[in-house]
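These figures come from a predicted structure and were not determined experimentally.
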Amino acid sequence: MSAFNFVERIPGVTHANVHIATSVISISLMVFLASLGRLSLGKGKEAVVPAKGFSLKGIFEQLIEFNASLAETVIGHEGRAFVPMFTTVFFFIFINNIFGLFPGMAPATENINTGMAVGLFVFVVYNGFGFYVHGLSYFKHFMGPIWWLAPAIFVVELFSHIVRPVTLGLRLKANMVADHMVLGVFTELVPYLVPVPFYLMGLFVAGMQAFVFTILSMIYVSMAMSHDH
C-alpha cells in the first residue's frame, strides 16, 4: 500500500493539495527542461547528425552511446550487436520507474511480475546466445574446472541461473517500493517544497536501478559467450 493512502491522517493536508503541489512541481520541472533543451530531431541526413549543445535528442544520444561503450567494455567487440536490446531494457525500466514520481501513480516496476518478465527475457537471450556460440559444450559452463566435482557444481550453477530472473525482479521491486514509500511519506508530511529533493533522489534511483539491471544483463551475456571456461 502506498504511503499516499495515509494522507487524511495529517491535519490540513488532503489528497487534493498534495496532488496539486506535486503536479505544479512536475510541470515546472518539465517547463524548465523544455526551456533549456530543444527537441529538434530533424529529417533525412539531419536526423543522424549528432546534436549540438543541450537538447533532448542529445540526452538520448549520450545515453545510447553510454550503453554502447559499456556493452563493448563488458562483452567485447561483440557487445555492439546487443546495444539495441540493452538500450531497450534500460529505457523500458527507466521510463516505468519514472511513473512512480507522478502523484497517485505507482511504477509498474513495483510489481514483481514486471521485473521477472524482463529478467526472464534476459535469461532466455543469454542462454540462447550461449548455446549459439558454444553449442552443446555450453554445458561446460555449469560444471566447473574439477571433473569429480562436476555433478555438484552443475546443480549449484543450474540453480543460480534459474533464480537470476527472480533476483533481478526482486532487486528492482524492493528498491522502487522503498523509494516510493520515502517520497510518499515526505510528501504527506510537508507537501510543499520539501519533497523536491526527494523527487530528485527518486529520479536518481530510477536511473540507477535501470543501470544496475542493464549492466547485470550485460554481465550475464558476457559470461554465457565467454571462451575462457
Side-chain angles (χ1 to χ4, degrees), residues 47-51 56-98 107-109 112-147 149-150 153-176 203-229:
V48 298
V49 175
L56 187 58
K57 178 185 176 184
I59 293 173
F60 276 94
E61 286 177 351
Q62 289 299 317
L63 287 173
I64 294 170
E65 183 59 33
F66 175 74
N67 269 292
S69 61
L70 192 62
E72 195 166 4
T73 300
V74 175
I75 301 174
H77 68 278
E78 297 172 331
R80 287 274 174 174
F82 295 91
V83 171
M85 183 191 78
F86 292 135
T87 304
T88 301
V89 169
F90 175 85
F91 280 113
F92 175 81
I93 295 173
F94 179 66
I95 292 172
N96 273 283
N97 291 348
I98 289 296
T109 43
I112 184 64
N113 295 315
T114 303
M116 285 187 61
V118 184
L120 186 60
F121 166 74
V122 173
F123 175 83
V124 171
V125 168
Y126 82 74
N127 280 297
F129 275 97
F131 276 109
Y132 175 78
V133 172
H134 300 286
L136 292 177
S137 62
Y138 178 62
F139 284 110
K140 292 181 180 178
H141 284 66
F142 297 82
M143 297 186 180
I146 305 175
W147 67 268
L149 284 177
I153 294 177
F154 180 81
V155 173
V156 172
E157 285 290 324
L158 185 64
F159 179 76
S160 69
H161 280 256
I162 291 173
V163 300
R164 281 178 181 177
V166 180
T167 57
L168 285 172
L170 284 174
R171 182 185 295 106
L172 183 60
K173 172 184 169 63
N175 282 283
M176 295 316 300
L203 184 63
F204 172 77
V205 171
M208 180 56 65
Q209 290 308 309
F211 168 76
V212 170
F213 199 106
T214 305
I215 196 168
L216 285 174
S217 302
M218 292 179 183
I219 292 171
Y220 294 155
V221 171
S222 176
M223 293 172 63
M225 297 178 64
S226 174
H227 295 276
D228 297 332
H229 292 76

Using distance only, find each side-chain donor-acceptor pair of residues 80-96 under 3.5 Å and give its atom names and separation, not counting sequence neighbours.
{"from": "Arg80", "atom 1": "NE", "to": "Glu72", "atom 2": "OE1", "distance (Å)": "3.0"}
{"from": "Arg80", "atom 1": "NH2", "to": "Glu72", "atom 2": "OE1", "distance (Å)": "3.3"}
{"from": "Thr87", "atom 1": "OG1", "to": "Val83", "atom 2": "O", "distance (Å)": "2.7"}
{"from": "Thr88", "atom 1": "OG1", "to": "Pro84", "atom 2": "O", "distance (Å)": "2.7"}
{"from": "Asn96", "atom 1": "ND2", "to": "Phe92", "atom 2": "O", "distance (Å)": "2.7"}

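- The side-chain contact (heavy atoms from CB on, under 4.5 Å) check on Ser160 picks up Glu157, with sequence neighbours excluded.
- Residues satisfying the side chain to side chain donor-acceptor pair (under 3.5 Å) criterion with Asn97, sequence neighbours excluded, are Thr109.
- Of the residues listed (Tyr126, Phe154, Phe123), the one engaging His161 in a ring pair (Phe, Tyr, Trp, His ring centres under 6.0 Å) is Tyr126, and it is the only one.
- Take Tyr138 and apply the ring pair (Phe, Tyr, Trp, His ring centres under 6.0 Å) test, not counting sequence neighbours, and it matches Phe131, His141, Phe142.
- Val133 is not listed as a side-chain neighbour of Glu78, based on a closest heavy-atom distance of 4.5 Å or more.
- Side-chain contact between Leu168 and Leu172 is absent, with no heavy-atom pair separated by less than 4.5 Å.
- For residues 113-122, the side chain to side chain donor-acceptor pair (under 3.5 Å) pairs, not counting sequence neighbours, are Asn111-Asn113.
- The shortest distance between side-chain heavy atoms of Val122 and Arg164 does not fall below 4.5 Å.
- Taking the six-membered ring wherever Trp is involved, the centroid distance between the rings of Phe129 and His134 does not fall below 6.0 Å.
- When every heavy atom of Ala71 is checked against every heavy atom of Gly79, the shortest pair comes out as CB-O, 3.7 Å.
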Which pairs of donor and acceptor atoms, one on a side chain in residues 206-216, lie under 3.5 Å apart (sequence neighbours left out)?
{"from": "Gln209", "atom 1": "OE1", "to": "Asn175", "atom 2": "ND2", "distance (Å)": "3.4"}
{"from": "Thr214", "atom 1": "OG1", "to": "Ala210", "atom 2": "O", "distance (Å)": "2.7"}

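- By the side-chain contact (heavy atoms from CB on, under 4.5 Å) test, Val155 pairs with no residue at all, sequence neighbours left out.
- When all heavy atoms of Gly119 and Pro165 are compared, the pair lying nearest together is C-CB, 3.7 Å.
- Taking CD1 of Ile64 as the reference point, atom OG of Ser69 lies at 12.0 Å (rounded to 0.5 Å).
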